[in-house]
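For reference, the structure is listed below as structure tokens.
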Amino acid sequence: MDRMITGLHKMDQQLFYKINGSKQLYRSFFGLITHLGGARFSILSILALALISVFYPSIRPAVFQAFLVLSVSHFFMHVIKRSVKRIRPYLSLPDVMLHGHPFEDHSFPSGHSTAIFSITIPFLLHYPSAIVILFPISALVAYSRVVLGVHYPSDVMAGAFLALGTAVLVSFLY
């Protein structure tokens, strides 16, 4: 079991270095994209969608579910971060290219990935054709976290799966 975990950790680090070792222009682009999963943008998105739903009532169920998924998944994300206490890659690996703000909290799971997928997955469940726009945006935000040196690939995948699991639970209960 230990060998398997060590092997997975090594693969995670190798993939991290492949994604993180990129050109400055590339990192600058992802430095902008990453904010779509930040707390400010996530909260403002939900508020804007709630306002839009006044004029387009058909989107209210998706907006409400996105709000619930974002709230519930972030509660669990914080619990997991405090339990796992995984050190961010720029603090634990040599030669990491950190771009932007260094974070003080733990790495696993990615809050930005959890947030963007928490907002987009309920809309994908209600409007499957939106996948051509919403999934690439969500994937780019998740990818940006590795490019910028603040998360391992497994951190962003865990955030996406946490959002997915929460969205499925909320849609089942709602």
Side-chain angles (χ1 to χ4, degrees), residues 1-17 19-20 27 30-47 49 63-125 137-174:
M1 182 69 159
D2 286 341
R3 255 181 23 183
M4 185 176 80
I5 291 172
T6 302
L8 289 173
H9 188 64
K10 185 177 179 182
M11 283 177 27
D12 203 23
Q13 287 179 357
Q14 289 171 341
L15 184 56
F16 170 83
Y17 276 120
I19 296 170
N20 180 250
R27 289 193 311 273
F30 283 106
L32 296 173
I33 293 294
T34 201
H35 294 296
L36 297 176
R40 214 174 284 139
F41 189 84
S42 298
I43 293 167
L44 288 175
S45 294
I46 292 293
L47 292 174
L49 288 165
V63 173
F64 185 66
Q65 284 184 354
F67 168 74
L68 286 175
V69 173
L70 183 65
S71 302
V72 172
S73 68
H74 263 65
F75 170 78
F76 286 112
M77 185 262 314
H78 285 291
V79 169
I80 295 167
K81 272 188 189 267
R82 289 187 180 125
S83 300
V84 174
K85 297 181 180 176
R86 186 177 198 185
I87 298 171
R88 291 189 180 266
Y90 67 87
L91 294 172
S92 63
L93 297 175
D95 304 321
V96 171
M97 292 185 200
L98 177 64
H99 182 84
H101 178 73
F103 290 85
E104 301 290 323
D105 64 345
H106 299 290
S107 178
F108 184 89
S110 165
H112 282 68
S113 297
T114 303
I116 192 71
F117 280 101
S118 291
I119 293 170
T120 58
I121 290 172
F123 279 90
L124 293 175
L125 293 173
I137 290 170
S138 300
L140 284 172
V141 170
Y143 188 77
S144 76
R145 305 308 289 159
V146 182
V147 169
L148 300 177
V150 294
H151 284 290
Y152 292 97
S154 59
D155 297 341
V156 299
M157 288 176 21
F161 282 117
L162 175 58
L164 176 62
T166 306
V168 168
L169 179 66
V170 165
S171 68
F172 179 73
L173 297 174
Y174 177 72

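Atoms considered below: every heavy atom in the structure, side chains included; atoms not considered: hydrogens, waters and symmetry mates. Given the structure is predicted, the values throughout are model-derived calculations rather than measurements.
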Using modelled atom types only, decide if a donor and an acceptor are shared between the side chain of Tyr90 and the backbone of Phe103 within a distance under 3.5 Å. yes
SB check Arg88 Asp105 (cutoff 4.0 Å): yes
Out of curiosity, Ser42 OG to Leu70 CG, how far, rounded to the nearest 0.5 Å? 5.5 Å
Under 3.5 Å donor-acceptor, His151 side chain and Ser107 backbone: yes
Looking only at heavy atoms, what is the nearest atom pair of Pro94 and Tyr17, with distance? O-OH, 2.5 Å
Less than 4.5 Å apart, any side-chain heavy atom of Phe76 and any of Val72? yes
Determine yes or no for a side-chain-to-main-chain donor-acceptor pair under 3.5 angstrom, with Asn20 supplying the side chain and Val96 the backbone. no
Non-hydrogen atoms of Ile121 and Ala160 that approach each other most closely: CD1-O, 4.4 Å
Verify side chain to side chain contact (heavy atoms under 4.5 Å, CB included) between Ile137 and Thr120, making sure each step is shown before the conclusion. CA-CA 9 Å; Ile137 290 170; Thr120 58; 5.6 Å; no
Under the 3.5 angstrom rule, does the side chain of Thr34 hit a backbone N or O of Gly31 as a donor-acceptor pair? no
For the pair Asp12 and Arg86, find out whether any cationic side-chain nitrogen is under 4.0 Å from an anionic carboxylate oxygen. yes
Determine the minimum heavy-atom distance between Pro109 and Ala158, stating which atoms define it. CB-CB, 3.8 Å
Between the CD atom in Gln14 and the NE2 atom in His9, the distance rounded to the nearest 0.5 Å is 11.0 Å
Separation between CE of Met77 and CG of Leu162, rounded to the nearest 0.5 Å: 8.0 Å
Close side-chain approach of Phe123 to Leu49, heavy-atom, < 4.5 Å: yes
State, with a plain yes or no, whether a side-chain heavy atom of Leu98 is found less than 4.5 Å away from one of Leu148. no
To the nearest 0.5 angstrom, please state how far the CZ atom of Phe67 sits from the OG atom of Ser45. 13.5 Å
Heavy-atom closest contact (Ile116 atom, Gly37 atom, distance): CB-CA, 4.3 Å
Search all heavy atoms of Ser92 against all heavy atoms of Tyr152 and return the closest pair with its distance. OG-OH, 2.8 Å
Report the residues that fulfil side-chain hydrogen bond (donor to acceptor under 3.5 Å, both in side chains) with Thr114, sequence neighbours left out, ordered by chain and then residue number. none
Val69 side chain near Phe117 side chain, heavy-atom distance below 4.5 Å: no
Side chain to side chain, Ser144 and Leu140, heavy atoms closer than 4.5 Å: no
Shortest non-hydrogen contact from Arg82 to Lys85? O-CE, 3.0 Å
Does CD1 in Ile87 sit with more than 12 non-hydrogen atoms of other residues, nucleotides or ligands closer than 6.0 Å? no
Inter-residue atom distance His112.NE2 - Leu36.CG, 0.5 Å rounding: 9.5 Å
With side chain to side chain donor-acceptor pair (under 3.5 Å) as the criterion, how do Ser138 and Tyr143 come out once you've worked through the C-alpha distance, each side chain's angles and the decisive distance to 0.1 Å? CA-CA 9 Å; Ser138 300; Tyr143 188 77; over 6 Å; no
Quick one: side-chain hydrogen bond (donor to acceptor under 3.5 Å, both in side chains) pairs with a partner in residues 69-78, sequence neighbours left out? Ser73-Ser118
